[in-house]
Amino acid sequence: MKEFYPFEEIESKWQGYWDDQGLFATDVKSADNKYYCLMMFPYPSGTLHVGHGRNYIIGDAVARYKKMRGFRVLTPMGWDAFGLPAENAAIKTGTPPAESTFNNIAIMKSQLRAWGCCYDWDREIASCTPEYYKWTQWLFLKLYERGLAYKKEAAVNWDPVDQTVLANEQVMPDGTAERSGAKVEKKMLSQWFFKITDYAQRLLDDLDQLDGWPERVRSMQENWIGRSEGTRVEFTLVPRTDGQPDADSVIPCFTTRVDTIYGCTYMVLAPEYPGIADLVKGLPQEASVLEFVKEAGHLSAIERTTDGDKNGIFTGRYVTNPYNQEQIPLWIGDYVLVEYGTGAVMAVPAHDTRDWTFARKYDLPIRISIQDPEQSLDLATMDDAYTEDGIVVDSPPFSGMPNREAIPQMGRHAQEHGFGGPVIQYRLRDWLISRQRYWGAPIPMIYCEKCGMVPVPESDLPVLLPEDVEFKPSGESPLKSCASFMNVTCPKCGGPAHRESDTMDTFVDSSWYFFRYLSASDDTQAVDTDLCNQWLPVDQYIGGIEHAILHLMYARFFTKAMYDLGLINFTEPFANLFTQGMITKRSEKDGQLYKMSKSKGNVVSPEELIKSYGADTVRLYTLFIGPPEKEAEWNDAGVEGAYRFLRRLWRRIEQTHSLLLGSKELKPVVDEMETPERNLYRKLHESIQRITRDLDGDFHFNTAIAQIMELMNAVDDLGVTESSSPQARAVYRETMETLVLLISPFAPHIAEELWQELGHAPSILNAPWPTVNEAALHRDEIEMVLQVNGKVRGRILVGATTDAVGLEQEALANKQVQKWIEGKTVRKVIVVPGRLVNIAVS
RNA sequence: GCCCGGGUGGCGGAAUGGCAGACGCAAGGGACUUAAAAUCCCUCGACCGUAAGGUCGUGCGGGUUCGACUCCCGCCCCGGGCACCA
């Protein structure tokens, strides 16, 4: 054995060995004892930093641990390879996206290898290959057949920097684009959508099944779906005085507080409400209303919402409240959202703070219809709306009812009289999947002058991305100006036609890749139904919290849609989800903590660290840094500590190498041990117990590693040598071998090497995980803590079998204790066997 | 405003209602060395005390309990999600 820990040599040795052996090449024919361990596949951006590394190191440690526990582990890897960065780079440098993407994939693959992360590379997929996106397109067609993919003209989010539309999920709360950071604009465009709203209720309901998901993620999805129960109420337009008919005489609204409807004193439409121009045509208000609508349209969503200021204008029209036949004025207000509910709101200023503000500003009437049971409301003294529960008043025939009871009754009333009824509203919108960009899967649609919109026949898939395109910063998809791509014949009539030039959102690609791993090279079908049914749901999904809504919602939607298509027989893709915390680093400029990222300039790249300390050190430190689900601050000095530990482990085995090999035949026997080795033996098995528990629970690698370090400290304290007793040497050998096994998921290279040096055949991954010997845990004597009034005043060693009475006697007789209870009355003695005795005195 | 997290030494962090601060980092002192590196040993929450020992201490204020970092109530601060969603 080398005297000093030769990490460089052993790491390249074992990485080569794992490659040759196909360490995680998994035969999926049998799914006995299966464990599908999946890491979110990365976008091939070129280089990974140690922050990204956390994800793969955690995943690799889990996969290795589960393999040692005897599971048939499937752990594949692939590339979320379509995306804007590659295309933007192409515009800048002229390098085709395919070329740069595959270059990046090669780099990142070697980085993963250098980290010691092993995957079943035979299943590797890249979403940008025709072999993959053919099936993305096929799935699009299936969704289209079921009416789940449709095209419509809508006000959509336009990213002026990336020159494409975005889904709602890809716009941040402050109105900027999630990817580019640009201020998102609204544009009316004809776009492709997936009808995820059809699945809103199922996506919500099934969250309850996901008890292997962090509560946080579930609640984020719940918020995003935003279910709300309410009532639809149809108000009727009061006919115009000039006798002109209205296109639609009904204006429906959605409310969660139908109980307040007798307090409704006006109605408000969103500025974008369809048909406003007709409503006011020829009225004196026409010009000013149209001007107001135009103004509101110029303001972005943020500008409209920032200060809470509400602007509006009277239309000159009136509507009738169907509950009391009252005619109330119809307004337009910029605080009403056209995309939520019906785009019309019944305004109850007395019981809604927004309506209150608006009514006060424009001097509209306010009427109380819910009374505070505690103290009577008085409009003269109220300075805001009363939004609490109370008693319905002045609302015949519902007056006198508690308002919560009134809601269902009044809803039923609307239904019986045909002007509405209970409805459920969701915040979730349909998923906009069109992208006006090149580097994505083309949407397989053809537009024919005669036949209209025609889907590409399945036999013509894939619709290939052309390579002879020009990347110019024109703001238009290069596909549009590529004649060879655009011009086709209509599959229906054979006449001239053109292709859809939009490509799909890359989140479509990532919504089904975890099915594809099971049959990555199957060119006959998208997914292998039998294999998916056996191997999924994924047993452990590992990734970043940033995907809590986007990717995880879309993937759940796809799974349900694919279930409905009969492609799979389960409805949730990921049984257990683990979201690791971000790695942060203090900025040298301002001393603040930031997420590690290229744009913040605080990245730590693994290459240099691996060069000076080795991959095992980087892995060990990354796992030791803190609980993996929490954020953690990267600290270069801490890496040194991990390195020191591995060196120490190496040295210990190197220095006692012949002793260890020479003790092979010695077996630890509890009854023959002297106290020192007996204690180490117990500590060893306590460690196995604790580490196993830490890994089976929430992957608390940090405490598991701490335990390994403690065990190592205990080994050093015992200081076994050639002249030690046979039992001491036997315990020492077992401890060292077990230590190597225990550390192997975290630091696999050194573990493989030491395992071999200890006389075992590789790979250590095929060795079983250590088990606890209950006999080793046994204690004859236990240290008991003695407390007086909850304060520790002493400690004693007692026999493990001493009963409560005996413990109490021993405690009371103790000198230290006597000092504190002298002259006091003992009120109570609490004995917690195995732990402590507490004497309460006064 | 609503919904989730979180707040413990100089730092990262440990603690099934039962010894607060495991493990590691940093720091200080010492040994070895011509010297350095490496390694090893000791100290390391605050305060009082020569010491033995004692008092205080897990964001703040209450409560439950023999006993609370842990459970309950009310706040404060930090992070995240949702938000003019009717």
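Model, not experiment: these values are computed from the prediction. Reminder, nothing fancy here: chain letters follow the sequence lines and each chain counts from 1.
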> R218(A) near the nucleic acid: base, sugar-phosphate alone, or nothing, with a heavy-atom cut-off under 4.0 Å?
Replying inline: nothing
> Taking the six-membered ring for Trp, is the centroid-to-centroid distance between Y621(A) and Y643(A) below 6.0 Å?
Replying inline: no
>> So P214(A), base contact, sugar-phosphate only, or nothing? Heavy-atom distance under 4.0 Å.
In response: nothing
>> Does the structure show a Watson-Crick or G-U wobble partner for A31(B), both distances under 3.5 Å? Name it, or say none.
In response: U39(B)
> Once each nucleotide of nucleotides 16-22 of chain B is scored for protein heavy atoms under 4.0 Å, what B/S/- sequence comes out, 5' to 3'?
Replying inline: B-BB--B
> Would you call V837(A) and E808(A) a side-chain contact if the rule is heavy atoms closer than 4.5 Å?
Replying inline: no
> Is the side chain of N838(A) donor-acceptor paired with the backbone N or O of I830(A) at a distance under 3.5 Å, no angle test?
Replying inline: no
>> Let me spell it out: for each of T256(A) and K630(A), pick the nucleotide of RNA chain B with the closest heavy atom. Which residue's pick is nearer the 5' end?
In response: K630(A)
>> Between F645(A) and F624(A), is the ring centroid distance below 6.0 Å?
In response: no
> Is there a Watson-Crick or G-U wobble partner for C82(B) with both distances under 3.5 Å, and which nucleotide is it?
Replying inline: G1(B)
>> Below 30° counts as parallel, above 60° as perpendicular, anything between as tilted: where do the rings of Y335(A) and F358(A) land?
In response: tilted
> Of the nucleotides A38(B), G81(B), G24(B), which one has an atom closest to the side chain of M220(A)?
Replying inline: G81(B)
>> Let me spell it out: for each of R651(A) and I705(A), pick the nucleotide of RNA chain B with the closest heavy atom. Which residue's pick is nearer the 5' end?
In response: I705(A)
> Quick one: is R644(A) getting a side-chain N or O under 4.0 Å of the A38(B) phosphate, OP1 or OP2?
Replying inline: no
>> Less than 4.0 angstrom between a side-chain N/O of Y340(A) and OP1 or OP2 of A86(B), yes or no?
In response: yes
> Is the gap between the ring centers of Y362(A) and W331(A) under 6.0 Å?
Replying inline: yes
>> Both distances below 3.5 Å, Watson-Crick or wobble geometry, any strand: find the nucleotide opposite U70(B).
In response: none
> Closest to the I625(A) side chain: G12(B), C4(B), G81(B)?
Replying inline: G12(B)
